[in-house]
S.K.: 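Sharing a structure, written as structure tokens. Questions coming.
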Amino acid sequence: MAGRIRFSGAMHVSFNLAADLEAALKAAAVQAGLAEAAAFTPEVRTAEPKHGDFQANGTLGFAKARKLNPRAVAEQLVAALPVSLRSDYEITIAGPGFINFTLKPAALLAWLRTFATAAQLRAGAAAAHAGQTWVVDYSSPNTAKQMHVGHLRSAVIGEAICRLLAFTGARVIRDNHLGDWGTQFGKLIYGYKRWADPAAIAADAIEELERLYKLGHNATPDGSPELEEARRELVALQNGDAENVALWKKISEVSLAAFQQIYDRLGIKFDHHLGESFYNDKVERVYRELKETTPPIAEISEGALVVFHPEHPRFKTQPFLVRKADGASNYASTDLATALYRAEHFKADGIVVVTDFRQGDHFEQLFLTVRKWFAAKSYRVPELHHVTFGAVTGEDGKALKTRSGDVIRLKALLDEAVDRAFAIVAEKNPDLPEAERREIARSVGIGAVQYADLAQNRSSNYVFSWDKMLALDGNTAPYLLYAVARIHSIFRKAGIAPTDAAGEALATAPETPTEIMLARRLTKFPDALRLAGETLRPHFLCLYLFELAGDYSSFNNADKVLVEDAVLRARRLLLCARTLLTLETGLHLLGLRTLTRM
RNA sequence: GCGAGCGUAGCACAAUGGAUAGUGUAGUGGCCUCCGAAGCCAUCGAUCCGGGUUCGACUCCCGGCGCUCGCACCA
């Protein structure tokens, strides 16, 4: 994949230019005969535009550690770089010893010509996870309950991660790990059998199930005979009682149907819905295997089966409760069984679980346990990642809770987003047909909600506010979608398709400051993909796309595209086409739908 | 009590140990006989406190302060 960079002559243009520079500088260190050249890491990074396209920082540390002059080392390295590379970049040594690389216009043009389609971008990016299988566990709501704003982040972030992994070469398995088993079903069945209203179920099943759960919960206080009855319902369910199993299945079905309506709006389609119930008969093997290793990984403590991690400062005393004292399974039991299933059945190379940060301890203990267990049994250990995010909180700064009574439902949030977007479309573009305005409002409104969640990295909590989540100005989805729509508009006016490459042959290298700025930004897409994919943090891609849209807007404002001069026009149309390609590809990776008009 | 995450302009965020800490929004001042003003240009304004490591610290380490959360049978 890597290989030497060649914009001229050999006609090979690499996708990830930073990676090529890294390799070239490493080779140059050997070529230049530097002492301990093998220990030299160039540390090539994308640079601030004012400094160039890429910068190598590695000479500073390398030189200092060996009491050499960093600038002199940098000079030697640059002199040892291949001629082809030196003809593609302006190379300067700056400050204490940074090596700055700025792509020359001809090299920019060569890169833009080479990566002209989504398939070509994908082929370039696919090396990162080629041949790997990744299971992504996200959304994972509890059945019989409404999805509320607290469920949004896992769904949106999880889907973006799936798409990023798939684009960078992985086979991705989307698994919705439903909370469809456990003590709450005893109370729900108790309530259902007494107070279920068939008409209400037909109208809005989840609404009715929530009402029945609350009734069941209130009717079964701690220590009451009613609670004992609810427990018997649960035991009956777990022992395969026909009536309760049928009821449970119905609850799962209507819940899933309701969830799917939300998923459809967010562009999410799961491959599997293997909830906790699926692992009910798979926990015995977990208990057995954790006990039969030498030394045993799990032990009995206070009647429960627990795992301690003596090497860990906290988990040497804080137990991981794997089986309850009454013999019942819990969250840890099913999660252990889940990890094994994913490793064995899906042959996962990587497992990603997307939940809020409050479950951090649980997953840290889970992963520690899985690694020991798999190692002891000689199972292959997949990469294990807990992707965390901060909780969405209410005005009081406390986490939003389902029982608080004033939850904001996901459906209502999405409806509100679409309504707000519709009001703006109607105002800005009253001439569009009603149906198209509705369609635009759907993409803009839902996209704004998705983007608001994806654009920030912070795992700190944020206070829920309609205005913040539904903002349509500034660094938001509408800004990016607007740039896309304007580019489509130009191609409509020009009477050619953005993918029509025929006219591109005339295009020359970028010349004006805004053309060059835009072209340089386009070549950074590989690095944004790499960064977002490696760290499982989609906000790096958001940041890149926002900057790209900004550069495009400046270009669009400064340089007219549809001019008489055929060469100039071709040059600018090429930039428009590649910007469109990159923005659309990137936005689709985030799970957004793009528009040709808005 | 033990532990984890977070603390950056009025507000909301960014910065993969690098150069003069970037953006949005709010404020101020400009730009539509010119491919879409949901836009562009300019300007104002910030790293919680104290040490340390480093050529270089918002970032890493130590000690405080503040907020949120987790710590035995919920998920």
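Residue numbering restarts at 1 for every chain, and letters A, B, ... go by the order of the sequence lines. The figures here come from the full heavy-atom set of this structure, side chains too, leaving out hydrogens, waters and symmetry mates.
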S.K.: Strictly below 4.0 Å: does K324(A) bring a side-chain N or O up to OP1 or OP2 of C74(B)?
M.R.: yes
S.K.: For U23(B), give the paired nucleotide (Watson-Crick: N1-N3 plus N6-O4 or O6-N4; G-U: N1-O2 and O6-N3; both under 3.5 Å), or none.
M.R.: A12(B)
S.K.: Whole angstrom is fine here: how far is it from CZ in R530(A) over to P in U16(B)?
M.R.: 11 Å
S.K.: Any strand is fair game: report the nucleotide pairing with G45(B) by Watson-Crick or G-U wobble, both distances under 3.5 Å, or none.
M.R.: none
S.K.: Contact class for A94(A) vs. all strands (heavy atom < 4.0 Å): base, sugar-phosphate, or nothing?
M.R.: base
S.K.: I'd like to know if S301(A) reaches the base of A72(B) with its side chain such that a donor and an acceptor end up less than 3.5 angstrom apart.
M.R.: yes
S.K.: It should be established whether Y544(A) places a side-chain nitrogen or oxygen under 4.0 Å from OP1 or OP2 of nucleotide A15(B).
M.R.: no
S.K.: Identify the pairs formed between an N or O of the protein and an N or O of nucleotides 41-45 of chain B at a distance under 3.5 Å, and give each distance.
M.R.:
unit_1: C41(B); atom_1: OP1; unit_2: S554(A); atom_2: OG; d: 2.7

S.K.: Below the 4.0 Å mark, does A37(B) have OP1 or OP2 next to a side-chain nitrogen or oxygen of R486(A)?
M.R.: yes
S.K.: Which whole-number value in Å describes the distance from E427(A) CD to A37(B) C1'?
M.R.: 12 Å
S.K.: Is there a side-chain polar atom (N or O) of Y331(A) under 4.0 Å from OP1 or OP2 of A75(B)?
M.R.: no
S.K.: Which value, in whole Å, describes the distance between the P atoms of nucleotides A38(B) and C32(B)?
M.R.: 15 Å
S.K.: Begin from the C-alpha positions of D565(A) and R571(A) and carry the test salt bridge (charged side-chain N to carboxylate O under 4.0 Å, His left out) through to its verdict.
M.R.: CA-CA 10 Å; D565(A) 182 334; R571(A) 175 171 109 206; over 6 Å; no
S.K.: Looking only at side-chain N and O atoms, does K560(A) come under 4.0 Å of OP1 or OP2 in C34(B)?
M.R.: no
S.K.: Any carboxylate oxygen within less than 4.0 angstrom of a Lys/Arg side-chain nitrogen, looking at E504(A) and R578(A)?
M.R.: yes
S.K.: F357(A) has an atom CZ; how far is it from atom P of C6(B), in whole Å?
M.R.: 10 Å
S.K.: Does C44(B) adopt a syn or an anti glycosidic conformation, taking syn as a chi angle within 90° of 0?
M.R.: anti
S.K.: Taking only the P atom of each, what is the distance from A26(B) to U20(B) in whole angstrom?
M.R.: 31 Å
S.K.: Can you tell me the base-pairing partner of C6(B)? Count Watson-Crick or G-U wobble geometry only, both distances below 3.5 Å, and say none if there is no partner.
M.R.: G66(B)
S.K.: Run through Y331(A), F357(A), F315(A) and flag the one making a ring pair (Phe, Tyr, Trp, His ring centres under 6.0 Å) with H362(A).
M.R.: Y331(A)
S.K.: Checking contacts here: which listed nucleotide (C13(B), A72(B), G18(B)) is nearest the side-chain heavy atoms of Y462(A)?
M.R.: C13(B)
S.K.: For the side chain of A485(A), starting at C-beta, report the closest nucleotide among G36(B), A19(B), A14(B).
M.R.: G36(B)
S.K.: If each of D326(A) and G474(A) is mapped to the nucleotide of RNA chain B with the nearest heavy atom, which maps nearer the 5' terminus, i.e. the 5' end?
M.R.: G474(A)
S.K.: Could you tell me whether R66(A) sits above the aromatic face of F62(A), with NZ or CZ closer than 6.0 angstrom to the six-membered ring centre and within 45 degrees of the axis?
M.R.: yes
S.K.: Just to be sure I understand the rule, does E48(A) reach a base, reach only the sugar-phosphate, or reach nothing, if contact means heavy atoms closer than 4.0 Å?
M.R.: nothing
S.K.: Taking the P atom of each, how far is A21(B) from C58(B), in whole Å?
M.R.: 9 Å
S.K.: Can a cation-pi geometry be assigned to R45(A) and F54(A), taking NZ or CZ under 6.0 Å from the six-membered ring centre and within 45° of the ring axis?
M.R.: no
S.K.: I'd like to know if D551(A) pairs up with R520(A) as an ion pair, taking the criterion as any Lys NZ or Arg NE/NH1/NH2 lying under 4.0 Å from an Asp or Glu carboxylate oxygen.
M.R.: no
S.K.: Please state the P separation for the pair C49(B) and G10(B) - nearest whole angstrom.
M.R.: 14 Å
S.K.: A cation-pi test, strictly: NZ or CZ of K282(A) under 6.0 Å from the centre of the six-membered ring of F278(A) and no more than 45 degrees from its axis. Yes or no?
M.R.: yes
S.K.: Of the nucleotides C35(B), A4(B), U16(B), which has the atom closest to the V561(A) side chain?
M.R.: C35(B)
S.K.: Taking only N and O in the side chain of S489(A), is any of them less than 4.0 Å away from OP1 or OP2 of G36(B)?
M.R.: yes
S.K.: Does C40(B) have a Watson-Crick or wobble partner in any strand here, with both distances under 3.5 angstrom, and which is it?
M.R.: G30(B)
S.K.: Which nucleotide in the list C40(B), A38(B), A14(B) gets nearest to the side chain of Y479(A)?
M.R.: C40(B)
S.K.: Which one, C71(B), G24(B), U16(B), comes nearest to the side chain of Q318(A)?
M.R.: C71(B)
S.K.: By nearest atom, which of the nucleotides G70(B), U16(B), A75(B) is closest to the D361(A) side chain?
M.R.: G70(B)
S.K.: Should L541(A) and L531(A) count as side-chain neighbours, where that means a heavy-atom distance under 4.5 Å?
M.R.: no
S.K.: Closer than 4.0 Å, any side-chain N/O of H177(A) to the OP1 or OP2 of A75(B)?
M.R.: no
S.K.: Between atom CG in L595(A) and atom P in A38(B), what is the gap in whole Å?
M.R.: 15 Å
S.K.: For nucleotides C48(B) and C6(B), find the distance between their P atoms and express it as a whole number of Å.
M.R.: 13 Å
S.K.: Could you state the atom-to-atom distance from NE2 of H51(A) to P of G18(B) in whole Å?
M.R.: 13 Å
S.K.: Salt-bridge test for R572(A) and D559(A): reply yes if a basic N is under 4.0 Å from a carboxylate O, no otherwise.
M.R.: yes
S.K.: Counting distance alone, no hydrogens or angles: does the base of U68(B) have a donor or acceptor under 3.5 Å from a partner atom on the side chain of T393(A)?
M.R.: no
S.K.: Given G39(B), U68(B), C73(B), identify the nucleotide with an atom nearest to the side chain of Y482(A).
M.R.: G39(B)
S.K.: Pairing check on C71(B): which nucleotide meets the Watson-Crick or G-U wobble criteria with it, both distances under 3.5 Å?
M.R.: G1(B)
S.K.: Just to confirm, is there a sub-4.0 Å distance from OP1 or OP2 of G36(B) to any side-chain nitrogen or oxygen of K493(A)?
M.R.: yes
S.K.: For the side chain of S553(A), counting heavy atoms from C-beta on, which of G39(B), A72(B), G24(B) is nearest?
M.R.: G39(B)
S.K.: So do the side chains of L256(A) and L178(A) get within less than 4.5 Å of each other, counting heavy atoms only?
M.R.: yes
S.K.: Counting side-chain heavy atoms from CB outward, which of A75(B), C55(B), A19(B) is closest to N330(A)?
M.R.: A75(B)
S.K.: Per the side-chain hydrogen bond (donor to acceptor under 3.5 Å, both in side chains) rule, what does the pair list look like for residues 298-312 of chain A, sequence neighbours excluded?
M.R.: H309(A)-T369(A), H309(A)-K372(A), E311(A)-K372(A), H312(A)-E364(A)
S.K.: Atom NZ of K50(A) and atom C1' of A19(B): how far apart are they, to the nearest Å?
M.R.: 7 Å
S.K.: Roughly how far apart, to the nearest Å, are U68(B) and C31(B) at atom P?
M.R.: 48 Å
S.K.: Going by purine N1 to pyrimidine N3 plus the second Watson-Crick contact, or the G-U wobble pair, all under 3.5 Å, which nucleotide sits opposite G18(B)?
M.R.: C55(B)
S.K.: For the side chain of N457(A), starting at C-beta, report the closest nucleotide among U23(B), A15(B), G18(B).
M.R.: A15(B)
S.K.: Does K428(A) qualify as a cation-pi partner of Y482(A), given the criterion of NZ or CZ under 6.0 Å from the six-membered ring centre and within 45 degrees of its axis?
M.R.: no
S.K.: Measuring only the C1' atom in each nucleotide, how far is G30(B) from C44(B)? A whole number of Å is fine.
M.R.: 15 Å
S.K.: Can you tell me, in whole Å, how much space there is between the C1' of A42(B) and that of G5(B)?
M.R.: 39 Å
S.K.: What is the distance, rounded to the nearest whole Å, between atom CG of L548(A) and atom C1' of G22(B)?
M.R.: 17 Å
S.K.: Just the rounded figure in Å: distance from P of A38(B) to CE of M598(A).
M.R.: 9 Å
